[in-house]
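The figures that follow rest on heavy atoms only: side chains count, while hydrogens, waters and symmetry mates do not. Only a predicted model underlies this, so the values are computations on that prediction, with no experimental measurement involved.
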Amino acid sequence: MASCPFNPASQEYADFLYYYTNQSQPLDNAPEGTLCIQYISSYFAVVHVPLKSSLPLSFEKYSYYSIPKLFTLLDTSSMEESGIQQVLNTPSLANGGRGTIIGIVDTGIDYTNPLFRNPDGTTRLLSIWDQTLPEDSGQLPPGVPDLYAYSGASYGTEFSEEDINAALESENPYALVPSRDENGHGTFLAGIAGGGFLDDGEFNGAAPYCRLAVVKLKPAKSYLRDFFLIRPEAEAYQENDIMMAIKYLYVTAMSRQMPLVILLGLGTNSGSHEGQSPLSSQLQSTTRFPGIISVVAAGNETGLGHHYHGEISPEVPYEDVEIYVGARETSEGFSMEMWSAGTDTFSVEILSPGGEMAERIHPSAGTQVTLSFKLVNSQVTVCNQPLESGSGRQLIFFRFLRPAEGIWRIRVSPSFSLTGEYNMWLPAESFISPETRFLRPAPYSTVTVPGNSAAALTIGAYNHLNDSIYIHSSRGFTINNHVKPDLAAPGVNVYGPGLSRGPSSSFPMTRRSGTSAAAAHAAGAAASLLSWGLTEGNDPDMTQTALRSYLIRGARRNPAFTYPNREWGYGILDLYQTFRSIS
């Protein structure tokens, strides 16, 4: 299908992700009532259906990966510690990412900030795709650019370099380009990765001469928030919108024949955590081309009690998994996922804080059961998929609706067991209150999706002031034992741009912590390497794999540790040592 005849960002339409091949078009398996299909890649498409005909959502009606998962933001001196400033101070290496694009998929950007402008005042941005504009109206108003021919998206508004320059020359820039970053997260990451030089010399980004392309993600639709039980104030973004953003950045880079670094400071705990999600698959297919790099934050999940690893021996009939549910969850609820290891299957029983034990749910195909606990006035819906097609594992999806405060127990019994292993994940930070956690959590395999994708350069965070790992930086390895994170970069109290305080043209600086800030450092370093390799012709076929190897060879390693390890990956990012190892 061509461009949608309506605004698919409208709350009136449901979005579904579908996998297809050249031999099997998505129209063959699209849900009934499909009005519009937007193609993301040669493997994935987004299908838009009237919301009323799609409800209620369930994994009995739709496959697990067809329902877009929700992602959250992963954050909340560093340039010297990363070896970036030393490179910028070395004339033969100081390309600063010149000739490359850093593409940022996040909350937008304060394009008026001098950090994103050339010395003559013109913008360093190639474009902004604001998915939130025009606001949700059900149809596209006259005069709004149709992005379909360019990026395959029939929603949002694109602002070109020319549009942004015209806005910067006007007295009221936002009257011409009304795209704003209300959160500040995207502006901060853009400043760390590719911000220019401040006049006082107190700050510069990792790749100050790169060009920037920015996608401002629209907030997740209400029906998906309701399905995953995400509270209204939490920042949440849809998987299909992130995938469309990556396609947009790829087309932007290809149309200009420029190398591209895709920076993602987003993550989720939804999925099997083995790099099989649609977003992970898209990163894999996009970064197979030379000059296309993806840098992803590892997540901030360590110490939060959101992961449980179970292993039931043949001598033990069952295992009780204890979850403490905090008071904030009692008004709405939360979701949780359990994934088996390999071909194992399990049955589950639920014991409420009131002492009620619900019926056992066996691993039969397509089972969805709603359990009522009368003593605590709570409901739990359990969807059991003995074989989830994307991973080949058993998936049990739980929706705790208005659960009582206290300790809930999931009794897990093996039905078919070769390893006896399984994993459970609660939602990522900001999707759930700090009080709700597993009482016996597993400290490892907490890297969020898509950071556990083999395609991504996954970055953990450390404190560059004392060389200690950031307390919440997600730890590896993946559940299939791939090394993640790849590297660690500064991510504690990092200094970067805040949001403008209004028309007074004040541009404050601020500090943030988290693996998003760390990933921004690595994205800027990657842009410098791409500039050296492709723009300057030293390695014209540089791929994601080669760039990862360059950075690993130059990484700083503590002789007291064994590498790779679960906290630091292969070591600390050091761009200067990377160039020294090359020479």
Exercise. Let me see the working for Val449 and Ser280 under side-chain contact (heavy atoms from CB on, under 4.5 Å), right down to the final yes or no.
Key: CA-CA 8 Å; Val449 178; Ser280 297; 4.1 Å; yes
To the nearest 0.5 Å, tell me how far [X] [atom1] sits from [Y] [atom2].
{"X": "Leu487", "Y": "Leu457", "atom1": "CG", "atom2": "CG", "value": "6.0 Å"}
{"X": "Leu249", "Y": "Ile262", "atom1": "CG", "atom2": "CD1", "value": "6.0 Å"}
{"X": "Gln131", "Y": "Leu217", "atom1": "CD", "atom2": "CG", "value": "5.0 Å"}
{"X": "Phe227", "Y": "Leu70", "atom1": "CZ", "atom2": "CG", "value": "10.0 Å"}
{"X": "Tyr495", "Y": "Phe188", "atom1": "OH", "atom2": "CZ", "value": "10.5 Å"}
{"X": "Asn565", "Y": "Asn558", "atom1": "CG", "atom2": "CG", "value": "9.5 Å"}

Do you know the tightest heavy-atom contact between [X] and [Y]?
{"X": "Gly460", "Y": "Ser473", "result": "CA-OG, 3.4 Å"}
{"X": "Ser179", "Y": "Asp130", "result": "OG-OD2, 2.8 Å"}
{"X": "Thr72", "Y": "Ser430", "result": "OG1-OG, 2.7 Å"}
{"X": "Ile292", "Y": "Gln544", "result": "O-OE1, 3.8 Å"}
{"X": "Arg225", "Y": "Ala220", "result": "NE-O, 3.7 Å"}
{"X": "Met542", "Y": "Leu530", "result": "SD-CD2, 3.8 Å"}

Evaluate the side-chain proximity of [Y] to [X]: yes if any heavy-atom separation is below 4.5 Å, no if none is.
{"X": "Val494", "Y": "His521", "value": "yes"}
{"X": "Ile552", "Y": "Arg557", "value": "yes"}
{"X": "Asp226", "Y": "Leu57", "value": "no"}
{"X": "Ile459", "Y": "Leu573", "value": "no"}
{"X": "Leu439", "Y": "Ile323", "value": "no"}
{"X": "His309", "Y": "Ser445", "value": "no"}
{"X": "Ser513", "Y": "Asn493", "value": "yes"}
{"X": "Met79", "Y": "Ile192", "value": "yes"}

Quiz item: Passes side-chain hydrogen bond (donor to acceptor under 3.5 Å, both in side chains), Glu311 versus Tyr422? Steps please.
Solution: CA-CA 7 Å; Glu311 187 171 358; Tyr422 62 93; over 6 Å; no
Using the benzene-type ring in the case of Trp, are the ring centres of [X] and [Y] under 6.0 Å apart?
{"X": "Phe44", "Y": "Tyr65", "value": "no"}
{"X": "Phe400", "Y": "Phe334", "value": "yes"}
{"X": "Tyr462", "Y": "Trp568", "value": "yes"}
{"X": "Trp129", "Y": "Tyr155", "value": "yes"}

Any donor-acceptor pair under 3.5 Å linking the side chain of [X] with the backbone of [Y]?
{"X": "Asn384", "Y": "Ile396", "value": "no"}
{"X": "Glu239", "Y": "Phe71", "value": "no"}
{"X": "Ser391", "Y": "Arg393", "value": "yes"}
{"X": "Lys216", "Y": "Arg180", "value": "yes"}
{"X": "Thr107", "Y": "Gly186", "value": "yes"}
{"X": "Gln11", "Y": "Ser222", "value": "yes"}
{"X": "Asp344", "Y": "Gly420", "value": "yes"}
{"X": "Glu435", "Y": "Ala327", "value": "no"}
{"X": "Lys484", "Y": "Ser453", "value": "yes"}
{"X": "Asn300", "Y": "Thr515", "value": "yes"}

Quiz item: Among Thr446, Thr302, Asn423, Asn269, whose side-chain hydrogen bond (donor to acceptor under 3.5 Å, both in side chains) with His307 holds?
Solution: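 Running side-chain hydrogen bond (donor to acceptor under 3.5 Å, both in side chains) over Thr446, Thr302, Asn423, Asn269 with His307 returns exactly one hit, Asn423.
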Quiz item: Would Thr478 and Asn452 count as a side-chain hydrogen bond (donor to acceptor under 3.5 Å, both in side chains) if you check the C-alpha gap in whole Å, the side-chain angles of each, and the deciding distance to 0.1 Å?
Solution: CA-CA 6 Å; Thr478 68; Asn452 37 47; over 6 Å; no
Quiz item: Counting only heavy atoms not in Ile471, do more than 12 fall under 6.0 Å of its CD1?
Solution: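 Not more than 12 within 6.0 Å, no.
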Quiz item: For atom CZ of Arg402, is the number of surrounding heavy atoms from other residues, nucleotides or ligands below 6.0 Å larger than 12?
Solution: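 Incorrect, the count does not exceed 12.
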Practice problem: Check the pair Tyr248, Ser127 against side-chain hydrogen bond (donor to acceptor under 3.5 Å, both in side chains), reporting the backbone distance first and the verdict last. | Solution: CA-CA 10 Å; Tyr248 173 83; Ser127 62; 2.8 Å; yes
Quiz item: Under a 4.0 Å N-O cut-off, is there an ion pair linking Arg556 with Asp574?
Solution: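 Looking at Arg556 and Asp574, the cut-off is met.
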Self-check item: Pairs where residues 329-338 contributes a residue and the test side-chain hydrogen bond (donor to acceptor under 3.5 Å, both in side chains) is met, not counting sequence neighbours
Solution: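 Only Tyr64-Glu337, Glu329-Ser433, Glu329-Thr436, Glu337-Trp339 qualify under side-chain hydrogen bond (donor to acceptor under 3.5 Å, both in side chains).
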Exercise. Please lay out, stage by stage, how Trp425 and His306 fare under the test side-chain contact (heavy atoms from CB on, under 4.5 Å).
Key: CA-CA 6 Å; Trp425 282 279; His306 293 166; 5.6 Å; no
Quiz item: Can you list the steps and then say if Phe438 with Met336 is a side-chain contact (heavy atoms from CB on, under 4.5 Å)?
Solution: CA-CA 11 Å; Phe438 292 110; Met336 182 181 76; 3.8 Å; yes
Quiz item: Would Phe289 and Tyr250 count as a ring pair (Phe, Tyr, Trp, His ring centres under 6.0 Å) if you check the C-alpha gap in whole Å, the side-chain angles of each, and the deciding distance to 0.1 Å?
Solution: CA-CA 10 Å; Phe289 300 105; Tyr250 173 76; 5.8 Å; yes
Exercise. I would like to know whether Val46 and Met243 meet side-chain contact (heavy atoms from CB on, under 4.5 Å); could you show each step before the answer?
Key: CA-CA 10 Å; Val46 184; Met243 294 172 71; over 6 Å; no
Exercise. Starting from the C-alpha separation in whole Å, work towards a yes-or-no answer on side-chain hydrogen bond (donor to acceptor under 3.5 Å, both in side chains) for Glu322 and Tyr324.
Key: CA-CA 7 Å; Glu322 296 178 315; Tyr324 181 80; over 6 Å; no
